[in-house]
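One-based numbering along the sequence shown.
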Amino acid sequence: MKTQTSDILRHLKQGRRLTQKEAINEYGAYRLSGIIYSLRRQGHDIESIDLDVPTRYKKTDGSPKTANIVEYKLNN
């Protein structure tokens, strides 16, 4: 049966990385961290990579504010 979890596992097995925003856009998955937790409990070695990404907002000095997001990848 095709599920969000199976789609995300296939995505990761293809060597692709995945963020929450991509999971929402591609798979309609609003709880990616819960799916990753479940996949890890099944024995999949999934790495969490912290990233700082610029936002549309600016600091008082004019530089962009950043947000911390997580990107997931499957280790072989």
Shortest non-hydrogen contact between Lys65 and Lys58, atoms and distance: CE-O, 3.7 Å
Close side-chain approach of Arg10 to Asp7, heavy-atom, < 4.5 Å: yes
Beyond-backbone contact of Ile49 with Lys73, side-chain heavy atoms, under 4.5 angstrom: yes
Nearest-0.5 Å distance, CD of residue Gln14 to CZ of residue Arg16: 5.0 Å
Qualifying residues under salt bridge (Lys or Arg N to Asp or Glu O under 4.0 Å), relative to Arg17, sequence neighbours excluded: Glu71
Rounded distance (nearest 0.5 Å) linking atom CZ of Arg40 with atom CG of Asp45: 8.5 Å
Remaining members of the apolar cluster that contains Leu32, side-chain heavy atoms under 4.5 Å: Ile8, Leu9, Leu12, Leu18, Tyr27, Ile35, Ile36, Leu39, Ile46, Val70, Tyr72, Leu74
Asn76 atom CG: more than 12 heavy-atom contacts under 6.0 Å: no
Polar contact flag, side-chain donor to acceptor under 3.5 angstrom, Ser33-Arg31: yes
Contact summary for Met1 and Ser6, nearest pair of heavy atoms: O-OG, 4.0 Å
Thr19 to Glu22 - nearest heavy-atom pair and separation: N-OE1, 2.9 Å
